[in-house]
Amino acid sequence: MGFLGWTFANIFMPILLPVVGMLVLIPLLGRLPSPPAGLHVMTVVKDGQLCWAVIAMGTSTLYDLWEATKAVPKLVPQWGGLALILLIVMMLPAMVVAACGAVLATPLMPTQRPRSVAAWAGHYVVFVGSAVLTLATALLCGILHYQITRSSLV
């Protein structure tokens, strides 16, 4: 149950809470006399905001790796160095995308259905890239945490 709790708190919550918050706010804000123009769930993630979760997950995992190395170096898996490099390689573009997304906004797609998934992905290319980066980071963080935790129990 410990790993499930860790996964929920460190992976799912940073990714899903902003989206869930928007899903709760949309009905409330939609009742205003003049609802905001960007009142759409996609507004929360279209400009690379998921990259903030990449930074949070990566930082948490770097801390896990650092603490395991200090406490008992044998807890760190043999591929810990590669994991460190991968985390840095994922966090650096995430920082740039997250920061630039605040300045270089992608307009919301018109309300009609896109011609295809490719057209939708092409319009929201920053979102798609940030989602892939987020999923890759979540996977690496979960596997590394599980390896360190499992090694400490042996």
Side-chain angles (χ1 to χ4, degrees), residues 1-30 32 35-68 76-150:
M1 189 65 175
F3 183 69
L4 184 60
W6 179 90
T7 303
F8 184 75
N10 290 285
I11 304 288
F12 293 123
M13 287 180 71
I15 295 170
L16 296 177
L17 278 180
V19 175
V20 170
M22 189 66 170
L23 288 173
V24 170
L25 283 176
I26 284 177
L28 299 173
L29 294 175
L32 293 174
L39 192 56
H40 193 277
V41 174
M42 198 64 191
T43 305
V44 179
V45 292
K46 69 180 175 60
D47 298 318
Q49 291 93 327
L50 287 176
C51 286
W52 292 113
V54 170
I55 296 165
M57 289 184 289
T59 304
S60 173
T61 303
L62 288 173
Y63 178 78
D64 280 351
L65 195 56
W66 177 263
E67 286 299 310
V76 178
Q78 291 179 344
W79 53 274
L82 176 62
L84 176 65
I85 291 167
L86 286 173
L87 278 170
I88 291 168
V89 165
M90 289 189 279
M91 288 173 67
L92 287 175
M95 289 185 284
V96 171
V97 170
C100 288
V103 178
L104 307 170
T106 303
L108 284 171
M109 203 166 197
T111 54
Q112 71 264 19
R113 293 181 59 114
R115 295 180 305 280
S116 66
V117 173
W120 182 89
H123 182 80
Y124 290 121
V125 68
V126 174
F127 164 72
V128 172
S130 66
V132 168
L133 195 55
T134 302
L135 292 173
T137 304
L139 185 64
L140 177 62
C141 293
I143 291 170
L144 188 59
H145 179 79
Y146 175 73
Q147 288 286 317
I148 291 170
T149 304
R150 190 181 75 178

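Predicted model, so just to flag it, every value in this text is computed and none were measured.
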Parallel, tilted or perpendicular: rings of W6 and H145 (30°, 60°): parallel
Under 3.5 Å: donor-acceptor pair, side chain of Q49, backbone of T43: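 Yes, because the side chain of Q49 sits within donor-acceptor range (under 3.5 Å) of the backbone of T43.
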Pairwise distance [atom1]([X]) to [atom2]([Y]) - rounded to 0.5 angstrom:
X    : Y    : atom1 : atom2 : answer
L4   : F12  : CG    : CZ    : 8.0 Å
L87  : D64  : CG    : CG    : 10.0 Å
W120 : M109 : CH2   : CE    : 9.0 Å
Q147 : T149 : CD    : OG1   : 9.5 Å

Beyond-backbone contact of M95 with L92, side-chain heavy atoms, under 4.5 angstrom: yes
With C51, the side chain to side chain contact (heavy atoms under 4.5 Å, CB included) member among V96, V45, V97, V126: V97
Where [X] and [Y] come nearest, the two heavy atoms and their spacing:
X    : Y    : value
K46  : A105 : NZ-CB, 4.1 Å
W52  : A98  : CE2-CB, 3.4 Å
M91  : V54  : CG-O, 4.3 Å
I11  : M57  : CD1-SD, 3.5 Å
V76  : L65  : CG1-CD1, 3.7 Å
L108 : M42  : CD2-CB, 4.0 Å

What donor-acceptor contacts under 3.5 angstrom involve side-chain atoms of residues 131-144, with partners at least two apart or in another chain?
residue	atom	partner	partner atom	Å
T134	OG1	L50	O	3.4
T134	OG1	S130	O	2.6
T137	OG1	L133	O	2.8

Pairwise side-chain hydrogen bond (donor to acceptor under 3.5 Å, both in side chains) hits with a residue in residues 78-107, at least two apart: D47-T106
